[in-house]
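Order of the sequence lines fixes the chain letters, A, B, ..., with proteins taken first and strands second; residue numbering starts at 1 for each chain.
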Amino acid sequence: MNTKARFPRRARLLKPAEYSRVFKKPVRSSDPLFTILASPGQSVDPRLGLAISKKNAKRAVDRNRIKRIIRESFRLHQQSLPVTDFVVMAKPVTKSRPNAELFKSLEQHWSRLLKLCKKYS
RNA sequence: GAAGUCGGCCGGGCAAUCGCGCGAUAUUGUUAAAUAUCGGGAGGAAAGUCCGGGCUCCGCAGGGCAGGGUGCCAGAUAACGUCUGGGAGGCGUAAGCCUACGGCCAGUGCAGCAGAAAAUAUACCGCCUGCUUUGCAGGUAAGGGUGAAAUGGUGCGGUAAGAGCGCACCGCGCAACAGGUAACUGUUUGCGGCAGGGUAAACCCCACCCGGAGCAAGAUCAAAUAGGGGAACAUUGGCUUGGCCCGAGCUGUUCCCGGGUAGAUCGCUUGAGGCAUACGGUGACGUAUUGUCCAGAUGAAUGAUUGCCAUGGCUUCGGCCAUACAGAACCCGGCUUACAGGCCGACUUCCUCG
RNA sequence: UGGGCCGUCGCCAAGCGGUAAGGCAACGGGUUUUGAUCCCGUCAUGCGGAGGUUCGAAUCCUCCCGGCCCAG
């Protein structure tokens, strides 16, 4: 139904309960920049949640930048993703990397998760 | 031209594509919502949370003690620990800057080491006199030495040697007078030979100020669950909003029925708002008028990519690199701290030329 | 958002206006055939940072920096 690369509210995780469900039995994908947890979704669309802790990115500016980049990347790739709930977590080094590198890393994550989720289901 | 002082301002720009959340309007839809168009969408510090206020609740926000804060004077302000003007002291050639800057003649405390002596008196080396002369007694506080700090400085007189012992000038204290709203000031007058040290960011005293919590405050609608709610009576203990007391409420018993967690909505952005002009005031600021609406999220919007330009640096002249500090969360007034680079104005000193 | 606490040698810490204790560790020496134990000695000039008050500050005051805890 979403022919365009949009990012409305229903494509996000909104409640603590939804987050804890993902944390309980996730499929993991990690690299030095991000860890992404995935779990089969209950909605019609793939959904995204963000977990950027103050420990990993101390300044609010850095946290906002990381979140925006993750959302942007998710928005552009959600067409190819299965109906799954994702939670993206950042690492301590993430804040010091340029935007282009973060986009590249996330792209690899999405394609890897696509394979993993197919195997899972 | 160089060095410096003060004040104010900016904090990259334009375009294209793809988005996010808010408001208004329109259409669709039973609702939830969806789509389209238009409008606007981070800061000078949004930060630290160091002060002050609004707002909300604590029945009223009351009294006393305790505790905390402020501390030259006057003003500004909703208020302040902020700001403005003035005074005093200090620093600087100057422009200018800095200052917790009330009170140790209310009381209490503290001062290691050194030094004779550290706060109430005294005398180590000295100096002078006398004597029974390798010393003792008396006088003295000029000189030396110690220390952060030792009973005012210079000169003359005076004396056995000295000493405010006396005098002159300076300093200090008190009073009067004059100026100033006041702090305070003085080529003024008079009195006092000098009061007796330091420390109050030591306890403390004096003056003034402060009730407590915080928008996750609080209000409304309400799945689940039955833990409850209201009125009357009683008052030992317990609880409540600052630590205690007074005062107030709840808990207890009886009677009567409606209450409320998850979640949602409101609070939530029109305000001690901001811009412009005029007037008053040395100034902080105030008054009046015209016109204006300028972020409102909630796992948390305000973005990403590309191109061109701007600024700075490097350059093999093709280009390449860099562009700070930092992200609203109820809202304002300050303070403090961080900050690439740049702009404007006023002033000071020095050098050169005319 | 609000409130509270703490930064002292490599580690654990006492001291709270007048020379910064002590223990563990480390290093050197002694004892022992060797090692442990034990004994003696040494070490770091450092009180999170910057200002101020004071003759004198780890201590008092102000502002920053870092860490921890609590309420919701």
Query raised in the report: Whole-Å distance between B/C325 C1' and A/Asp62 CG?
Result: 12 Å

Requested in this report: Using the test side chain to side chain donor-acceptor pair (under 3.5 Å), find all partners of A/Ser29 that sit at least two apart in sequence or belong to another chain.
Outcome: A/His109, A/Arg112

Report task. For B/A222 versus B/G260, give the span between their C1' atoms, rounded off to a whole number of Å. Result -> 9 Å

Report summary line: When rounded to the nearest 0.5 Å, the distance separating CG of A/Leu33 from CZ of A/Phe103 is 13.0 Å

Report summary line: Comparing A/Arg65 with A/Val87, nearest RNA chain B nucleotide closer to 5' gives the residue A/Val87

Requested in this report: Would you mind telling me which of B/G327, B/C18, B/G299 lies closest to the side-chain atoms of A/Arg59?
Outcome: B/G327

Between the protein and nucleotides 42-46 of chain B, are there any N/O to N/O pairs under 3.5 Å, and if so, what are the atom names and distances?
residue: B/A42; atom: N6; partner: A/Asn64; partner atom: ND2; Å: 3.4
residue: B/A42; atom: N1; partner: A/Arg68; partner atom: NH2; Å: 3.2

**Report entry** Contacts of A/Arg97 that satisfy salt bridge (Lys or Arg N to Asp or Glu O under 4.0 Å) - sequence neighbours left out
**Finding:** A/Glu101

Report summary line: The Watson-Crick or G-U wobble partner of B/G41, with both key distances under 3.5 Å, is B/C20

Query - salt bridge (Lys or Arg N to Asp or Glu O under 4.0 Å) involving A/Glu107 - partner list, sequence neighbours excluded - result: none

Query - Nearest-angstrom distance, P atom, B/C339 to B/U82 - result: 24 Å

Query - side chain to side chain contact (heavy atoms under 4.5 Å, CB included), paired with A/Leu48, selected from A/Gln78, A/Arg71, A/Arg75 - result: A/Arg71

Report summary line: Taken in chain and number order and not counting sequence neighbours, the residues that satisfy side chain to side chain contact (heavy atoms under 4.5 Å, CB included) with A/Pro32 are none

Report summary line: As its Watson-Crick or G-U partner within any shown strand, both distances under 3.5 Å, C/A50 has C/U62

Between the protein and nucleotides 305-307 of chain B, which nitrogen or oxygen pairs come in under 3.5 angstrom?
residue: B/U305; atom: OP1; partner: A/Asn99; partner atom: ND2; Å: 3.4

Report task. By nearest nucleotide on RNA chain B, pick out whichever of A/Gly49 and A/Ala60 is the more 5' one. Result -> A/Gly49

**Report entry** Pair partner, B/C347 [Watson-Crick or wobble, under 3.5 Å]
**Finding:** B/G4

**Report entry** Residues within residues 106-114 of chain A bordering RNA chain B, heavy-atom distance below 4.0 Å
**Finding:** none

Report task. Round to a whole Å and report the spacing from CZ of A/Arg63 to P of B/U302. Result -> 15 Å

Query raised in the report: Given that both distances must come in under 3.5 Å, which nucleotide forms a Watson-Crick or G-U wobble pair with C/C5?
Result: C/G67

Query raised in the report: When rounded to the nearest Å, what value does the distance between P atoms of B/A46 and B/C332 take?
Result: 9 Å

Query - Any strand: nucleotide that pairs with B/U132 via Watson-Crick or wobble, under 3.5 Å - result: none

Query - A/Thr94 OG1 to A/Arg65 CZ distance, which is reported to the nearest 0.5 Å - result: 9.0 Å

**Report entry** B/A46 pairs with, by Watson-Crick or G-U criteria that keep both distances under 3.5 Å
**Finding:** none

Query raised in the report: B/G258 pairs with which nucleotide, Watson-Crick or G-U wobble, both distances below 3.5 Å?
Result: none

Report summary line: Residue set satisfying side chain to side chain contact (heavy atoms under 4.5 Å, CB included) with A/Thr35, at least two apart, ordered chain then number -> A/Arg28, A/Ser30, A/Leu37, A/Met89, A/Lys91

Query raised in the report: Taking the same atom, P, in B/A328 and in B/G44, what whole-Å distance lies between them?
Result: 14 Å

Query raised in the report: What residues, two or more places apart in sequence or in another chain, satisfy side chain to side chain contact (heavy atoms under 4.5 Å, CB included) together with A/Asn64?
Result: A/Lys67, A/Arg68

Report summary line: Taken to the nearest whole Å, CD1/A/Ile69 to P/B/G303 is 12 Å

Query raised in the report: Got a sec, which residues hit salt bridge (Lys or Arg N to Asp or Glu O under 4.0 Å) with A/Asp31, two or more places apart in sequence or on another chain?
Result: none

Query - A/Arg63: side chain to side chain donor-acceptor pair (under 3.5 Å) partners, not counting sequence neighbours - result: none

Query raised in the report: Which value, in whole Å, describes the distance between the C1' atoms of nucleotides B/G21 and B/A297?
Result: 7 Å

Report task. Name the nucleic acid region contacted by A/Arg71, choosing base, sugar-phosphate or nothing; use a 4.0 angstrom heavy-atom cut-off, strictly under. Result -> sugar-phosphate

Query - Separation of the C1' atoms in B/C191 and B/U84, to the nearest angstrom - result: 43 Å

Query - Residue list, ring-ring contact (aromatic ring centres under 6.0 Å, His included) with A/Phe34, at least two apart or on another chain - result: none

Query raised in the report: Paired with B/U151 by Watson-Crick or G-U wobble geometry, both distances under 3.5 Å: which nucleotide is it?
Result: none

